[in-house]
Amino acid sequence: MIIIAITGILMVAAYFIPWAPLQGVKGVMTSWIVVISAATVAMGFVYMTTSQYKLYQKNRSTLQLVYTVTPYVFFAGFLISALAYPGGSNSPEYRWWFTNIYSNVGATIYAIMYFTLASSAYRTFRVSSMEAIALIAGGMIYTLRQIPLFQVYIPWIVPLGEWFLLVPNTGGGRGAVIAAALAALVVGIRTLWGKEVTLEVSG
Amino acid sequence: MLLGILADGTLQPLILLAVLTAATYVYNKKAYAGEIKADQLREIPAIAAITEGVGKSVEENKPVHYAMGASGGQLYSQLVSMTLVALAFLNYIAKLCAKYEAQLIVHMPYQAESIPLIEAMVREGYKAEGKQEAFQPSCLRYYGQGALSWTQAVTASYDQEGVGLNLSIGIFYSDCPISLEMAKIKGALNVGGTGRWIMVYAFAMMCDYVFLGQEIYVAGAIISENPLMLAGVWIEDLGKFYSLLLLGVGLIVGLLGVSAAAALFAL
Amino acid sequence: MTKKNQTIWYKMGNIDYRWLYVLSLIGFILPVLQPLGLPVQVSSGTIGYYDAIDKLPAGSVVAVSFGASAQLLDEQEAQFLATWKILFQRDLKVLFYCPSQDGSLLLQNELGKQVIPESYGKKYGVDYVVLGYAPLGEAGEASMSINIRGVYKADWNNKPLDELPMMKDINAAKDIDLLIYFYTSCTDIEFPIRQWVTPYKMPTIVATLGCCGPMAVPYFPTQIQGFLSGSGMGTELEVHGKVPGPGALMSDAKNIGILPFLAFFVLGNLSYLGKRFKWGEVKTP
Amino acid sequence: MIWTDTLGALVAAFFIISVFTMLWKDNPVFRLGQQAVIGAATAHYIVLNFTSVYKNAIIPMMGGNLLLIIPLFLGLLMYTRLKNEIAWVARYPTAVLVGVGTGVMIAGTLRGQIIDQMKNTVLDLYNSFSAGSAMNVLNATLILIGTITAITFFTFTRKHTGLLGWSAKAGRIFLMISLGANWSGELVWYATQTIGRLSYIINYVIKIVILGG
């Protein structure tokens, strides 16, 4: 708790006071935390292995064995291409793995979200109350504003969509952001005070 | 003297920080004196839904899933408070699962540095119910860097292992609509929330019970049953009062001219 | 109760989501197979964006801060391909730099393949230069505006900047006539505003994701002369600048792909209203 | 086209399809793809962080900056969490991370998320007066009302009755519009991503790689 208080207060002080030694300490601390967190990197591998092994223990079929081995094959593919080729993670070999698998799956995950957003709206966008109508108005009008066909044939949808976004959305969003920020600050102050229960529980 | 050593534009932030710190001191004292109680707060229905969801999971013999976001283990970013709240909920859900003997699956975020805290919260939850032996490290799942593998793996877990209650609290980015909607489709009781306003819509539309924005912090205080955390809710409300006051002063000063208002906020 | 469940009102509100998924997928695939060429309305942000480039005098220097993301390529590709084509069609000097690692990767993958500067009669080092990736952030943008050589000693092929003829007289904001700023993190709009627009009154246009557009709008047209948000406005630029690209297909597919969702939305509400007026049910799912 | 490009396109197509099948139901193709991605993502995380440790700690240390041994050592202490008896040691490096994180959060939140929000609300209003358009004034007033009422919705220590009750109700309407707008902004972006992936499979993988068009 003392370490948290000292490091935290130093960082806050560096924000308020432009004193060179304090800024120096801030620079050192921020570079240290990058190293500390990066050094914990293998921890993830340990937990990945624990849960993979447990899943295999539960179901010792050949198919499950294939599922269990698969992550390690791709793990090795990535690691070898980063370590064995000149340029490391900038090598064309690593970029091949990165682009075709990592980036590509990432882009597809975003694509899938269209469908989940659509089905959730089918379920919840019902004109059942003032609040629901407000939700639908904010959602549907701005959606139509972004579709070229509606921009052409219902031109007034463009200013109306923009208005929803820039006026009521801004007002509501601002209030919500301020409320959440205050709550975050209170947790922060309590943490530096040494009274954050979560950290006490976790030792 | 003080103004001389302050960086430009930090007087207003300093006053706000001082107000909140002083309020922390006063309300902590009240908390120790036993004057702060959860029943003085506005009700948040989603809290009761968590216990209901654990009961549902036991009845259906399906696991309880806890997710704090693919990138929900941030310890040294501006979102650290949300990580801490998510850990408080994790401790709570671990206690409930230990108490009602429900199976718990924790989908860990990719930040490996948060794993020690996550494991400690779950262990402590089981210990608090006197059931340390029921804790299984394999309930903590890790899926590597980024949202893509996390989203896929969490969805696969709902599908393959079943889902009774899905509790999602913490830092969520654009990835959460998939996991939330899939849990819903697989028959989960979906409960959750995030402090990131831009993503709250996903929770509002996909959850059966939602914590809207700041409500996760308030609910975190209520479930902790800790007077100091509850005192935090009063401090937050005082902060809102101060903010509205500042807004009012800004509006009055603005009558003197836009530049006067701009100068006030630039302090 | 069973009887109610079999009525059309119930069925319309409880269609299996997978029908929505399949129909949407078909709606997206059809225009990809057979583009329809549906019309596009060009908005003021796009016109401003185009005009900022089009009105530059011959020989002007354009800096392109290329903070693109590989995972979000689909949202940005139409924007940057159209921008490059419009730039290379004109007598301008173009300086690319990459504040994101993916930006550098995408330039390697797409410049010279999708858009070939040489086919517009441009020569590397004389008419355009590419500086690679540097983790710039806001501080880096500030440094670029003061002293480019303080950030980049060499181009992406490790060739010292002083050996490139185009770079002879270019080293700071005063040598640049237009900034085009590509970014994917919505709040990054503030970087060029604070570091280029406010101190140097630099003419600036930006290109970003659809969801970031609302945060760019308040700066238009006072601080930025134009903006593109999402592939939709990328398409508008293709149409307005007469430089066809992948955006047209995107717009067509969006027009058709969204229809199943709109139909489901209407059905869901008809179901709700039907149930409400027939049986007085007000509970929503 | 060189064979690595062909293979890359086919691998990419497999992963796109495997992810899309998730919408239908769990199946072996999806599971295989998903397991592969776990391995890939874990490896990518290790590569990124190893590079970071190497650049930010090892190289400077070899250059004489021995102080960096401290964060490296603290990082290694995190692994004590793996053994129950010495798990308590991990609290020290965690404390440094949380301390710095909290400090950064407090510093960044005070102005950016609270004071500047107030500033924008006030200045928008007065600037709208100087702009002289009634519509601008109305809009800025609505933003002001939205901000105030939304804040009142988030009060918890007072019952939402009387004036506070009305204000909170109005705030909830503003909040709902905001949620809807956020939903919409993302929906259309994701539609673009869907089209992009489908176009990649149809126009590149099938038409060019497989059919050689």
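Below, read A as the first sequence line, B as the second, and so on, with proteins coming before strands; counting in each chain starts at 1. On a predicted model such as this, the values are computed, not experimentally measured, just so you know.
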More than 12 heavy atoms of other groups within 6.0 Å of [X] [atom1]:
X: B:Gln160; atom1: CD; value: yes
X: B:Tyr209; atom1: OH; value: no
X: B:Phe241; atom1: CZ; value: no

When [options] are compared by non-hydrogen pairs under 4.5 Å with chain A, the top option:
options: B:Met108, B:Gln214, B:Glu161; result: B:Gln214
options: B:Ile185, B:Leu87, B:Asp8, B:Leu84; result: B:Leu84
options: B:Leu212, B:Leu17, B:Leu90; result: B:Leu17
options: B:Tyr217, B:Tyr143, B:Tyr25, B:Tyr110; result: B:Tyr217
options: B:Met182, B:Arg141, B:Met229, B:Lys240; result: B:Met229

Distance (rounded to the nearest 0.5 Å) between [X] [atom1] and [Y] [atom2]:
X: B:Ser149; Y: A:Ile101; atom1: OG; atom2: CD1; value: 12.5 Å
X: B:Ser138; Y: A:Lys58; atom1: OG; atom2: NZ; value: 7.0 Å
X: A:Phe16; Y: B:Leu14; atom1: CZ; atom2: CG; value: 4.5 Å
X: A:Ser120; Y: B:Asn190; atom1: OG; atom2: CG; value: 11.0 Å

Over all heavy atoms of both residues, which pair between [X] and [Y] is shortest? Give the atoms and the distance, please.
X: B:Ser81; Y: A:Ala184; value: OG-O, 2.9 Å
X: B:Pro116; Y: A:Met43; value: CG-CE, 3.5 Å
X: A:Met113; Y: B:Pro177; value: SD-CD, 3.7 Å
X: A:Gly44; Y: B:Ala112; value: N-CB, 4.1 Å
X: B:Ala7; Y: A:Pro18; value: N-CD, 3.5 Å

Can you say whether [X] sits under 4.5 Å from chain B via the side chain, the backbone, both, or neither, judging by heavy atoms?
X: A:Thr191; answer: side chain
X: A:Val12; answer: side chain
X: A:Ala42; answer: neither
X: A:Tyr110; answer: side chain
X: A:Trp193; answer: side chain
X: A:Ile189; answer: side chain
X: A:Tyr53; answer: neither

Need one label for [X]: side chain, backbone, both or neither, based on atoms under 4.5 Å from any heavy atom in chain A.
X: B:Tyr142; result: both
X: B:Tyr201; result: side chain
X: B:Met82; result: neither
X: B:Gln111; result: neither
X: B:Glu181; result: side chain
X: B:Ile115; result: side chain
X: B:Thr21; result: both
X: B:Gln136; result: side chain
X: B:Glu119; result: side chain

Taking C-beta and beyond as the side chain, do [X] and [Y] meet within less than 4.5 Å on heavy atoms?
X: A:Trp19; Y: B:Ile5; value: no
X: B:Pro13; Y: A:Tyr15; value: yes
X: B:Met206; Y: A:Leu117; value: yes
X: A:Ile36; Y: B:Glu113; value: no

Between [options], the one whose heavy-atom pairs under 4.5 Å with chain B are most numerous:
options: A:Ala183, A:Ser51, A:Ala180; value: A:Ala183
options: A:Thr116, A:Thr40, A:Ile17; value: A:Thr116
options: A:Leu192, A:Leu182, A:Val177; value: A:Leu182

| Test side-chain contact (heavy atoms from CB on, under 4.5 Å) applied to B:Lys184 and A:Arg123, step by step | CA-CA 11 Å; B:Lys184 180 75 198 156; A:Arg123 189 172 61 242; 3.6 Å; yes
| request: Determine, stepwise, if the pair B:Gln152 / A:Ile109 fulfils side-chain contact (heavy atoms from CB on, under 4.5 Å). | output: CA-CA 8 Å; B:Gln152 270 189 303; A:Ile109 288 284; 3.9 Å; yes
| said: What verdict does the side-chain contact (heavy atoms from CB on, under 4.5 Å) test give for B:Ile235 and A:Arg190, after you've listed the backbone C-alpha separation in whole Å, the side-chain angles of each residue and the deciding distance to 0.1 Å? | reply: CA-CA 11 Å; B:Ile235 305 164; A:Arg190 192 166 57 225; over 6 Å; no
| field | Test side-chain contact (heavy atoms from CB on, under 4.5 Å) applied to B:Leu75 and A:Ser37, step by step | value | CA-CA 9 Å; B:Leu75 293 181; A:Ser37 65; over 6 Å; no
